[in-house]
Amino acid sequence: MMDWKQLISNKRLGQESRHVQKHDDRSEFKRDYDRLIFSAPFRRMQNKTQVFPLPGSVFVHNRLTHSLEVASVGMSLGNDVAHEIMNRQPQLADTLFSQIGTIVSTACLAHDMGNPPFGHSGEKAIQTFFSEGKGNYLKGMLSEELWSDITHFEGNANAFRLLAHRFKGRRDGGFVMTYTTLASIVKYPYVSSLAKEHGKFGFFYPEVPIFQKIADELGLICISGADEPLKYARHPLVYLVEAADDICYEIMDIEDAHKLKILTYDNVQGLFLDFFDEETQDKIKQRIIDEDITDDNEKVIYLRARVIGELERECVSVFLEYEDEILNGTFNGSLVDNMSQKLYAAYRKCVDISKKRIYMSKPVLDVELSGFRIMDTLMNVMTEAVVNPDRFYSRQLISRVSSQYDIDSPDLNTRIMAVIDYISGMTDVYALDIYQKINGTSLPII
């Protein structure tokens, strides 16, 4: 069984043997939070698609606002779980365990930082460029490990790389996050060769030694045999990060769909009231009348707040009920999957409506189609450049890439990964701008 005292560590990756002088009273986990908030990769998420196109006259969620909301729910989940477990185990009160609200909130801020432009369409474009597109010819030229990573490219693994990899030219090699914060963002703690079996994976092969060091320090359970691909049980706090994300993206997508008139108020009211029993439904309806809430958008906001509160409380209850299984690495599914039958049914109804009415809506499909073509073109042009770096046009393209990416490495594997680092870090707007310039449809204005 994993041990809470060992699982919560403020040791920093890259500063294990250094004494760093503090200039204030912030905890190490609060320092993690602040580093992310003020970082350029976090800030760039304001121009990365969540689901709907980036806002015109109607503001909907982007990756940044989504991450901030997930962090808020994550803070509540972490604080509530900490409070209840410390009541059960008072000996944890004077340990770092009391800070898990901050840890979960920080991991929530980071959970989408590795996502490429255009969301899941961007992920798919990178994968298929190599697996079935113009980059397929590289298969025999690259290592098996890299080929597995890039043909299953995953935003979650890329987030861990972004925070843990020692990119060139960065102070101390990068973010220098605490071990526990880093472990808390790894939703799928296994290598890419298991992606066919599980659908996703948690870290690229170059970061395997880093994750192993973190896992050993924190006492994570290794569940793979000696000759099997590396696989660990999740850090327990991952379940809280996942729950905060599950709650926010599903419920907030419904709210956005109402703003964009994809769903009517009656649609949304029906979906949200299903989370409550009849008596509570009547009280909610009466509260809307008593508060004189007449605007449909404001009604949706009130209903959404009630639903999120209900789901947060239920996920805390599930975590506490299954704490031993979570610590043993034997818990199955997510916290949402293990909610009460009524709440889970209401949640699944939202998921089903989202799949049919939101994710297949014209605005969403148009972004995915355009984003896929933009990403595929960028991957093609930049990959050709690093495969043939001595060509004139290749040098012109390579010279645009930030020096933090090892794109001039003598090793082709490293150069290909540098291309992915560079393109996946772009915003939607920047990717479109580069795409237009490469195609000669846009010229810089000086």
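Worth knowing before you read on, the calculation uses all heavy atoms, side chains too, and leaves out hydrogens, waters and symmetry mates.
Phe160 is linked by a ring pair (Phe, Tyr, Trp, His ring centres under 6.0 Å) to Phe211, counting only residues two or more places apart in sequence or in another chain. Scored by the side chain to side chain contact (heavy atoms under 4.5 Å, CB included) test, Asp295 finds Asn297, Glu298 as partners (sequence neighbours excluded). For Phe319, there are no ring pair (Phe, Tyr, Trp, His ring centres under 6.0 Å) partners two or more places apart in sequence or in a different chain. Residues meeting the ring pair (Phe, Tyr, Trp, His ring centres under 6.0 Å) test with Phe331, sequence neighbours left out: Tyr239, Tyr322. Judged as a ring pair (Phe, Tyr, Trp, His ring centres under 6.0 Å), and not counting sequence neighbours, Tyr205 has no contacts.
A side-chain donor from one of Glu123 and His120 sits under 3.5 Å from a side-chain acceptor of the other. Checking Ser131 against Thr151 by side-chain atom types alone, no donor-acceptor pair falls below 3.5 Å. For the residue pair Gln127/His152, the side-chain donor-acceptor check at 3.5 Å is not satisfied. A side-chain donor-acceptor contact under 3.5 Å links Glu250 and Ser354. In the model, Thr181 has a side-chain atom that pairs as donor or acceptor with a side-chain atom of Asp32 under 3.5 Å.
Under a cutoff of 6.0 Å and an axis angle of 45°, Arg304 and Phe272 do not form a cation-pi pair. A cation-pi arrangement is present between Lys299 and Tyr265, with the terminal nitrogen or guanidinium carbon under 6.0 Å from the aromatic centre and inside a 45° cone about the axis.
The list of side-chain hydrogen bond (donor to acceptor under 3.5 Å, both in side chains) pairs with a residue in residues 367-377, not counting sequence neighbours, is empty.
Side-chain atoms of Glu242 do not come within 3.5 Å of backbone N or O of Lys187 as any donor-acceptor pair. Looking at Arg35, its side chain does come within 3.5 Å of a backbone N or O of Val176 through a donor-acceptor pair.
Look at Lys11 and Glu28 and you find no salt bridge, because none of the NZ, NE, NH1 or NH2 atoms lies under 4.0 Å from a carboxylate O.
Below 30°, between 30° and 60°, or above 60°: for Tyr347 and Tyr344 the angle between ring planes is below 30°, a parallel geometry.
Between Leu64 and Phe42, some side-chain heavy-atom pair lies under the 4.5 Å cut-off.
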